[in-house]
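Take a look at the structure set out below.
Counting starts at 1 for both ligands and their atoms, in listed order. Since the structure is predicted, the reported quantities are computational estimates derived from the model, not experimental observations.
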Amino acid sequence: METIKLTNGIEMPLLGYGVFQVPPAEAERCVSDALQEGYRLIDTAQAYFNEEGVGSAIHKSQLSRHDLFLVTKVWISNAGEQKAAASIDESLRRLQTDYIDLLLIHQAYGDVFGTWRAMERAYRDGKVRAIGVSNFQQARFFDFAHYVDIKPMVNQLQCNALIQQRTIEPLLAENSCRMMAWGPLGGQGVDGIVKNDTLAAIGSRHGKTASQVALRWLTQRGIVAIPKSSHRERMAQNIDIFNFTLSESEMAQIATLNQHDEGTINFTDMNFVKYLIETYG
Ligand SMILES: NC(=O)c1ccc[n+]([C@@H]2O[C@H](COP(=O)([O-])OP(=O)(O)OC[C@H]3O[C@@H](n4cnc5c(N)ncnc54)[C@H](OP(=O)(O)O)[C@@H]3O)[C@@H](O)[C@H]2O)c1
């Protein structure tokens with residue numbers, strides 16, 4: 001598995017397995033399948049309610065903890081220094097581990113600075129190996145990174161061949177922050193990528209599917225991709241992307257597919273923010 005180096009020197013796999021919307025009862029089976037298919041990075045979150053299943057799969061696998069890279073996220077309901085600190089300990093318990101490889105603030109709402117102080121402390125105490133954010137769009141990321149002691153090492157954003165996140169790239173680079181792509185295949189119920197004609201045509205030249213081209217394209221940009229599938233054959237397909245290379249002209253052709261550069265969610269939209277805060281805050 002190819003890796004990237006975070007600003008503190010730790011190595012992070014370029015491809016992982018995401019478990020958003022994997023029901024708690026299925027999480028252990030799915031993660032066990034993913035580990036057997038060769039995935040070593042698992043992306044979960046407090047809000048997915050499946051950290052326990054992830055923990056069981058890891059516990060039951062024969063793999064050394066040091067060969068795995070576990071990512072989880074602090075949810076809005078746990079924002080603030082004390083609640084975030086307690087929630088980190090709860091995540092550790094549910095994941096059956098004594099450290100998390102990468103801990104992210106899931107959404108940029110509530111007392112994010114308090115949450116960050118708890119995360120910085122967990123980082124210094126060795127409970128967490130790296131810290132970052134998720135869904136911090138350009139202006140929010142700028143404001144946040146400007147005022148914190150330890151700068152976010154990763155920003156997990158909606159990113160794929162149709163949502164390319166080019167605008168935020170220079171800001172992340174200035175802050176030595178790596179991008180991690182959620183929804184790398186377009187997310188649930190969206191066929192825009194897995195059935196994309198351009199990606200399929202490029203794939204046919206390499207004996208690969210449109211999905212594999214989409215994931216390879218992200219990783220060739222140095223962006224960590226975390227596709228989700230409940231199906232083992234798709235898990236196998238999605239990780240089988242390190243034995244071909246997209247040419248410069250193919251990369252450029254995919255760059256023309258960009259439709260919604262900064263994503264399909266406006267994180268400052270009043271109705272969206274009101275819903276999240278009133279439901280979870
Ligand atoms: N930070 C955030 O706010 C945030 C938000 C969303 C997601 N995430 C993370 O990012 C991960 C991935 O995002 P996502 O789950 O939204 O979307 P995704 O990985 O882009 O797409 C998942 C969908 O694609 C299907 N699929 C997977 N592989 C396929 C293949 N080879 N061919 C055809 N269809 C395929 C899956 O169906 P089957 O399962 O039926 O195979 C599922 O419906 C999540 O699991 C989560 O860890 C983070």
If the cut-off is 4.0 Å to any non-hydrogen atom of [X], which atoms of ligand 1 fall inside it?
{"X": "Gln156", "result": "1 (N), 2 (C), 4 (C), 8 (N), 9 (C), 48 (C)"}
{"X": "Leu185", "result": "18 (P), 20 (O), 21 (O), 27 (C), 28 (N), 29 (C)"}
{"X": "Asn135", "result": "1 (N), 2 (C), 3 (O)"}

Report task. Show the numbers, then the answer: is there a ring pair (Phe, Tyr, Trp, His ring centres under 6.0 Å) between Trp116 and Phe144? Result -> CA-CA 10 Å; Trp116 194 252; Phe144 187 77; 5.2 Å; yes
Return a yes/no value for [X]: is any of its N or O atoms, backbone included, closer than 3.5 angstrom to an N or O of ligand 1?
{"X": "Ala181", "answer": "no"}
{"X": "Gln237", "answer": "yes"}
{"X": "Pro227", "answer": "no"}
{"X": "Val19", "answer": "yes"}

Query - Nearest neighbour of atom 23 (C) of ligand 1 from the list Ser211, Gly187, Cys30, on a heavy-atom basis - result: Gly187
Query - Option of least heavy-atom distance to atom 22 (C) of ligand 1 (set: Met235, Lys228, Arg234) - result: Lys228
Any donor-acceptor N or O pair under 3.5 Å, side chains [X], [Y]:
{"X": "Thr167", "Y": "Gln138", "result": "no"}
{"X": "Gln46", "Y": "Ser87", "result": "yes"}
{"X": "Lys208", "Y": "Asn243", "result": "yes"}
{"X": "Glu250", "Y": "His206", "result": "yes"}
{"X": "Glu26", "Y": "Ser230", "result": "no"}

Requested in this report: Check the hydrophobic clustering (I, L, V, M, F, W, Y; side-chain heavy atoms under 4.5 Å; chains of links allowed) and say if Tyr99 and Leu41 are grouped together.
Outcome: no
Query raised in the report: Quick one: does Tyr17 get a heavy atom under 4.0 Å from ligand 1?
Result: no
